[in-house]
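Here the structure is a predicted model, which means the values were calculated and not measured. Counting starts at 1 for both ligands and their atoms, in listed order.
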Amino acid sequence: MELGVNIDHVATVRQARMTNEPDPVTAAALAQLGGADGITVHLREDRRHIQDRDLLILRQTVTCKLNMELACNEDVLGIACKVVPDQATVVPERRQEITTEGGLDVAGNIQKFSDAVKRLHDAGIVVSLFLDPVAEQIDAAQQCGADAVEIHTGRYANASGEAQLKELETIRTIGKQIVDCGMKLHAGHGLTYTNVLPIVHIPNMRELNIGHSIISRAIYVGLVQAVKDMKALLEK
Ligand code: PXP
């Protein structure tokens, strides 16, 4: 199981002052020292955290998997095809949102996502689609030729007790569907040191992308240690 460390929040702190620190490039190097299998960055249309310059330097310096999150729009698709990250995770984007809310509606936009997947494939990029755990969306992802699906774990993360167990069961069922469809199973969003283990134990889970919880802990213990702590949970 691979841990992708999302370093957007490092760039958020930098952009709060529009200065040059902390640098997500340094954060990526430290995350790798801590055992990250991947570095994940979201180049948003409004460039609120990660900048084009970050992506370009990360492409040259990251030695593990570079996973670029991007919306399905011309601007960032063009950049992805030029920079060629190892993996592109296509996500929905709304300007006013605090963070990514919900998965893509691939089922309602098959042609659009098939074209985007083909374009990224032609550039040599592995493509993952960020989806809610909904059977219809998984079938649509397969139709579009996606290599992987990242299940949106936000509802699981926000729930508790019985409701959380129900969300977990849904993710498990949809996870099996993803694997049966021949796609790789990824998950992310809202995962923390305290809620990640049941997700780790889902059969065939290949990659988790985690940002906020790791960067929050890093403020107290440093990024290398924070990544090590999360890796230890994934290896349990
Ligand atoms: N996966 C995707 C597709 C995301 O958009 C995000 C948030 O940027 C994450 C994972 C990480 O979420 P969190 O910061 O809550 O760990």
Side-chain angles (χ1 to χ4, degrees), residues 1-13 15 24 27-28 31 36-50 54-55 58 65-73 76 80 85-106 113 116 120 126-133 137 141 146-159 167 171 175 178 183-197 199-200 205-219 223 226-227 229-231 233-234:
M1 166 146 1
E2 295 183 359
L3 172 63
V5 177
N6 183 314
I7 55 171
D8 293 349
H9 294 290
V10 176
T12 299
V13 175
Q15 295 312 109
D37 304 292
I39 299 297
T40 296
V41 289
H42 185 177
L43 188 68
R44 291 186 76 104
E45 188 194 4
D46 62 10
R47 305 298 197 270
R48 68 169 75 157
H49 39 53
I50 293 294
D54 301 330
L55 183 67
L58 288 167
K65 183 195 279 187
L66 180 62
N67 176 34
M68 175 186 177
E69 291 179 5
L70 75 168
C72 192
N73 73 37
V76 282
D86 302 293
Q87 178 173 285
T89 300
V90 186
V91 301
E93 221 176 88
R94 275 190 295 268
R95 270 194 176 247
Q96 300 308 324
E97 69 191 358
I98 292 174
T99 182
T100 314
E101 293 167 356
L104 296 164
D105 178 17
V106 178
F113 286 102
L120 292 163
V126 168
V127 184
S128 175
L129 300 179
F130 187 52
L131 303 179
D132 288 321
Q137 297 293 349
D147 304 291
V149 169
E150 180 173 332
I151 296 184
H152 190 311
T153 49
R155 268 211 324 256
Y156 160 81
N158 290 333
E167 289 297 338
I171 295 171
I178 291 167
M183 297 182 286
K184 292 202 173 109
L185 175 59
H186 302 172
H189 211 285
L191 297 177
T192 68
Y193 295 87
T194 49
N195 70 16
V196 77
L197 268 186
I199 299 292
V200 170
M205 187 59 76
R206 295 286 290 267
E207 175 181 312
L208 298 183
N209 285 296
I210 308 179
H212 190 263
S213 190
I214 292 176
I215 302 302
S216 300
R217 180 174 291 213
I219 289 172
L223 188 51
V227 174
D229 292 349
M230 188 59 84
K231 269 296 278 189
L233 289 174
L234 265 59

Quiz item: Is the shortest N/O to N/O distance between Phe130 and ligand 1 below 3.5 Å?
Solution: no
Practice problem: Would you mind running through ligand 1 and noting each atom that sits below 4.0 Å from a heavy atom of Asn209? | Solution: 10 (C), 11 (C)
Quiz item: Of all the atoms in ligand 1, which lie at a distance below 4.0 Å from a heavy atom belonging to Val91?
Solution: 3 (C)
Quiz prompt | Ring centres under 6.0 angstrom apart (His212, His9) | solution = yes
Quiz item: Which protein heavy atom lies closest to atom 8 (O) of ligand 1, and at what distance to 0.1 Å?
Solution: Asn6 ND2, 3.4 Å
Self-check item: atom 14 (O) of ligand 1 [closest protein heavy-atom partner, distance rounded to 0.1 Å]
Solution: His212 N, 2.9 Å
Quiz item: Considering only heavy atoms from C-beta outward, does the side chain of Asp132 approach that of Gln137 to under 4.5 Å?
Solution: no
Self-check item: Sub-4.0 Å heavy-atom contact, His152 with ligand 1
Solution: no
Quiz item: How far is atom 1 (N) of ligand 1 from its nearest protein heavy atom, and which residue and atom name does that atom have?
Solution: Glu150 OE2, 2.5 Å
Quiz item: If you measure from CD1 on Ile215 to OG1 on Thr12, what distance do you get to the nearest 0.5 Å?
Solution: 9.5 Å
Practice problem: Inspect the contact between Arg48 and Asp8 and indicate whether a charged nitrogen and a carboxylate oxygen are less than 4.0 angstrom apart. | Solution: no
Quiz item: Within the structure, does Glu69 bring an N/O atom to less than 3.5 angstrom of an N/O atom in ligand 1?
Solution: yes
Self-check item: Glu207 and Asn209: side chain donor to acceptor below 3.5 Å
Solution: yes
Practice problem: Go through the side-chain N and O atoms of Asn6 and Thr40 and say whether any donor and acceptor fall under 3.5 Å apart. | Solution: no
Practice problem: With the side chain counted from C-beta on, respond yes when Val126 and Asp86 share a heavy-atom pair under 4.5 Å apart, and no when they do not. | Solution: no
Quiz item: Which of the atoms of ligand 1 are close to Ile210, meaning less than 4.0 Å from one of its heavy atoms?
Solution: 16 (O)
Practice problem: Give a yes/no on ligand 1: does Gly190 have at least one heavy atom closer than 4.0 angstrom to it? | Solution: yes
Quiz item: How far is atom 12 (O) of ligand 1 from its nearest protein heavy atom, and which residue and atom name does that atom have?
Solution: His189 CA, 3.4 Å
Exercise. Tell me which part of His42 gets within contact of ligand 1: side chain, backbone, both or neither, using heavy atoms under 4.0 Å.
Key: neither
Quiz prompt | Over all atoms of both residues, closest heavy-atom pair of Asn67 and Ala88 | solution = OD1-C, 4.1 Å
Self-check item: Which residue and heavy atom of the protein sit nearest atom 16 (O) of ligand 1, plus the separation
Solution: Gly211 N, 2.8 Å
Quiz item: Side chains of Thr153 and Ile171: does their closest heavy-atom pair fall under 4.5 Å?
Solution: yes
Quiz prompt | Closest protein heavy atom to atom 5 (O) of ligand 1, given as residue, atom name and distance to 0.1 Å | solution = Thr100 OG1, 2.9 Å
Self-check item: Under 4.0 Å to a heavy atom of His9 - the qualifying atoms of ligand 1, by number
Solution: 14 (O)
Self-check item: Check: Ser213 N/O within less than 3.5 Å of ligand 1 N/O
Solution: no
Self-check item: Minimal non-hydrogen separation, Phe130 against Pro92, with atom names
Solution: CD2-CD, 4.1 Å
